[in-house]
Q: 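If you scroll down you'll find the structure; I have some questions about it.
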Amino acid sequence: MDICIIGSGYVGLVSGACFAEVGHNVVCVDNDPRKIEKLQRGEIPIYEPGLEDLVHRHVSANRLRFTGSIEDGVDHSEIVFIAVPTPPQADGSVDLSYIERVAREIAVVLKPGQYRVVVDKSTVPVKTGEKVDATIRRYNRNAEFDVVSNPEFLREGCAVPDLMNPDRIVIGSASQRATDLMKRVYEPFNAPILVTDVNSAELIKHAANSFLSLKISYINAVSAICEASGADVEKVADGIGMDKRIGRNFLNAGLGYGGSCFPKDVKAFIAIADELGVPFDLMKEVERINDSMLERFLKKMRDALWVLKDKRIAVWGLSFKPDTDDVRNSVAIELVRQLVEEGAIVTAYDPKGMEKAREFNLISDKVKLVSSPVDAVDGAEALVLATEWKEFARQDFAEVKRRMHTPLVFDGRNLFKTDTMREMGFVYCGVGRP
Ligand code: UGA
């Protein structure tokens with residue numbers, strides 16, 4: 001099928017590459033000419049395992065191309081996906097101006113007799129589809145199209161496998177013609193397809209991300225009870241997670257959730273509910289618990305080190321989670337920021353996130369970035385694990401201990417084994433662990 005994707009960010013680019021992988025012809029559009037030039041030169045603007053190979057293969061096979069022109073994309077494709085950013089506004093509500101602009105731009109390039117399915121893949125508040133539909137009609141009375149909601153559930157760091165093997169495909173549609181075309185788009189993925197009305201599909205996305213955030217805040221709240229009682233949150237999570245109705249995923253206690261999705265989507269869901277006149281206090285508490293995690297962790301550091309000013313602290317991890325170079329809304333970055341603010345001397349290492357942290361000025365010049373985990377701990381009075389990259393667990397800890405001034409470890413993601421660390425002579429402090 002001929003598919004156009006407007007917006008070549010995380011969701012747009014990975015979706016485009018995966019649609020090409022299953023045999024569709026894809027044109028990715030973006031209004032940033034530098035990004036399009038880069039992509040046309042074969043440079044991938046984000047780090048995502050497997051993506052570069054997919055893009056190169058399908059560009060060579062002429063199944064994937066990049067353009068700055070919406071008209072070009074819409075002209076050549078019966079299915080037009082919208083995958084542009086929906087950033088948060090100061091009050092937590094969603095800024096839909098990019099979606100609105102794309103809807104207008106699609107409207108003006110739609111030609112008479114040219115039926116198109118306009119698919120919203122961006123995370124949007126319920127009822128956005130209705131507004132996209134009305135906008136296109138307002139700017140082109142003769143347009144022949146249907147608006148469909150098709151939320152994306154990929155995770156950064158494993159976006160390609162998530163997209164290739166989805167748990168489910170949600171298609172929110174009021175038109176049989178559009179639904180049939182969407183089913184053809186997704187047929188090669190062999191995944192269960194749930195067809196709903198547009199509003200329900202839109203709500204599924206916010207409800208899913210909010211529920212996962214709730215799971216994380218729940219276990220983080222339980223971790224405080226574990227600390228107060230001497231229980232081990234990892235064992236508690238294993239014990240409740242073995243119940244199939246609960247599941248072990250997203251029950252990892254730590255510094256809390258970050259990234260460009262959960263914090264924004266929880267805020268948005270609260271704002272959406274407020275606007276609809278049905279306040280969602282449960283999610284406000286989820287957010288409050290998450291916001292408290294970093295301070296709880298810093299307090300433990302102050303309890304052990306007394307004052308943080310002038311302390312040499314090594315930080316492992318800057319990205320918001322492992323296997324990504326994404327440092328947006330990363331709790332690790334916020335941790336570094338607060339340590340620096342308190343006067344600590346921070347040396348940090350991250351396998352992929354250092355370049356973007358510097359490029360976007362997210363960490364102070366005072367922070368020294370080094371090229372290996374072991375270099376980071378040289379002379380350190382404490383080591384903080386902020387992001388659970390697997391390579392951190394594989395370090396030579398005898399060497400780490402030798403290099404450190406004091407063998408004090410604060411594990412913000414419960415990556416290390418408590419007993420092993422203590423046997424090796426580290427003073428070890430995790431989250432919710434005795
Ligand atoms: C999340 C969802 O998992 C995806 O399904 C969704 O498509 C995506 O948002 C989106 O809306 O675009 P993502 O933000 O890439 O994906 O990352 P996650 O793996 O969900 O992690 C989010 C945050 O939660 C990270 O900061 C992670 O460290 C934290 N987390 C996750 C925990 O603190 N504990 C856990 O047990 C799991």
Side-chain angles (χ1 to χ4, degrees), residues 7 9-15 46-49 83-88 94 121-125 150-163 165-170 202 204-223 233-234 236-238 240-241 246-269 286-287 289-294 296-297 317-335 350 353 385-389 411-415 430-432:
Y10 247 107
V11 170
L13 187 57
V14 184
S15 305
I46 50 171
Y47 170 74
E48 191 60 46
V84 294
T86 48
V94 182
K121 215 177 219 329
S122 305
T123 301
V124 293
N150 170 224
E152 182 46 63
F153 301 101
L154 64 81
R155 288 163 301 170
E156 289 183 20
C158 43
V160 172
D162 275 359
L163 240 148
N165 307 292
D167 286 350
R168 80 303 205 183
I169 304 292
V170 174
E202 289 168 339
I204 284 169
K205 174 68 192 191
H206 273 119
N209 273 5
S210 294
F211 188 78
L212 292 168
S213 308
L214 180 142
K215 268 188 106 172
I216 299 169
S217 278
Y218 179 82
I219 201 67
N220 280 333
V222 169
S223 79
V233 73
E234 294 301 316
V236 175
D238 288 344
I240 60 177
I246 298 173
R248 180 62 174 83
N249 292 334
F250 283 73
L251 283 181
N252 294 323
L255 290 166
Y257 59 78
S260 56
C261 302
F262 286 176
K264 156 178 103 89
D265 290 351
V266 167
K267 268 200 172 36
F269 209 22
V286 165
E287 194 177 37
I289 293 167
N290 198 58
D291 291 346
S292 72
M293 294 313 292
L294 182 54
R296 252 179 69 189
F297 192 74
L318 292 173
S319 55
F320 84 97
K321 65 171 195 176
D323 298 319
T324 175
D325 63 347
D326 196 345
V327 285
R328 291 173 296 172
N329 281 314
S330 166
V331 189
I333 294 273
E334 182 55 23
L335 171 85
D350 187 279
L385 184 290
T387 312
E388 68 278 32
W389 287 87
D411 184 352
R413 297 289 173 185
N414 289 351
L415 178 70
V431 177

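All ligand and atom numbering here is 1-based and tracks the order in the structure.
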Q: Please answer whether the main-chain N or O of V431 pairs with a side-chain N or O of N414 as donor and acceptor at a distance below 3.5 Å.
A: yes

Q: Tell me whether D265 reaches ligand 1 (any heavy atom closer than 4.0 angstrom to a ligand atom).
A: yes

Q: Report yes if K321 has an N/O atom closer than 3.5 Å to an N/O atom of ligand 1; otherwise report no.
A: yes

Q: So, do M293 and S223 sit near enough that their side-chain heavy atoms are less than 4.5 Å apart?
A: yes

Q: Would you say N209's side chain and V266's backbone share a donor-acceptor pair under 3.5 angstrom?
A: no

Q: What's the shortest distance from atom 16 (O) of ligand 1 to any protein heavy atom, and which residue and atom give it?
A: R155 CG, 3.6 Å

Q: Verify, without hydrogens or angle tests, whether K267 (side chain) and E287 (backbone) share a donor-acceptor contact under 3.5 angstrom.
A: no

Q: Below 4.0 angstrom from a heavy atom of Y257, which ligand 1 atoms are there? Numbered from 1 as shown, please.
A: 23 (C), 24 (O), 26 (O), 29 (C)

Q: Could you tell me whether some N/O pair between I216 and ligand 1 is separated by less than 3.5 angstrom?
A: no

Q: Checking the N or O distance criterion of under 3.5 Å, is ligand 1 in contact with F262?
A: no

Q: Taking S210 for its side chain and A207 for its backbone only, find out whether a donor-acceptor pair lies under 3.5 Å.
A: no

Q: Tell me if a side-chain donor or acceptor on K215 pairs with a main-chain N or O of N249 at a distance below 3.5 Å.
A: yes

Q: When you measure from the heavy atoms of K215 to every atom of ligand 1, does any distance fall below 4.0 Å?
A: no

Q: Would you find a donor on one side and an acceptor on the other, under 3.5 Å apart, between the side chain of T387 and the backbone of S319?
A: yes

Q: Hey, can you tell me if F269 and H206 have their rings parallel, tilted or perpendicular (30° and 60° cut-offs)?
A: parallel

Q: Heavy-atom contacts with G256 under 4.0 Å: which atoms of ligand 1 show up? List them by number with element.
A: 33 (O)

Q: G254: heavy atom below 4.0 Å from ligand 1, yes or no?
A: no

Q: Quick check on Y218: does its OH atom have over 12 non-hydrogen neighbours (other residues, nucleotides or ligands) under 6.0 Å away?
A: no

Q: Please list the nearest protein heavy atom to atom 37 (C) of ligand 1 with its residue and the distance rounded to 0.1 Å.
A: F250 CD2, 3.4 Å

Q: Judged on heavy-atom distance to atom 23 (C) of ligand 1, which of S122, G258, G259 sits nearest?
A: G258

Q: Does N252 approach ligand 1 within less than 4.0 angstrom via side chain, backbone, both or neither, non-hydrogen atoms only?
A: both

Q: Return the residue, atom name and 0.1 Å-rounded distance of the protein heavy atom closest to atom 33 (O) of ligand 1.
A: R413 NH1, 3.3 Å

Q: Please confirm whether the backbone N or O of L214 pairs with a side-chain atom of S217, one donor and one acceptor, at under 3.5 Å?
A: no

Q: In terms of residue, atom name and distance, what is the protein heavy atom nearest to atom 5 (O) of ligand 1?
A: F153 O, 2.7 Å

Q: Within the structure, does L154 bring an N/O atom to less than 3.5 angstrom of an N/O atom in ligand 1?
A: yes

Q: Looking only at N/O atoms, are T123 and ligand 1 under 3.5 Å apart anywhere?
A: no

Q: Do E234 and R248 meet the salt-bridge criterion of a basic N to acidic O distance under 4.0 Å?
A: yes

Q: Is any N or O atom of E388, backbone or side chain, closer than 3.5 Å to an N or O atom of ligand 1?
A: no

Q: Between R413 (side chain only) and A386 (backbone N and O only), is there a donor and an acceptor less than 3.5 Å apart?
A: yes

Q: Only heavy atoms of L251, strictly under 4.0 Å: list the atoms of ligand 1 that pass.
A: 36 (O)

Q: In the protein, what heavy atom is nearest to atom 15 (O) of ligand 1, and what distance, to one decimal place, separates them?
A: E156 N, 2.7 Å

Q: How far is atom 12 (O) of ligand 1 from the closest protein heavy atom, and which atom is that?
A: C261 SG, 2.9 Å

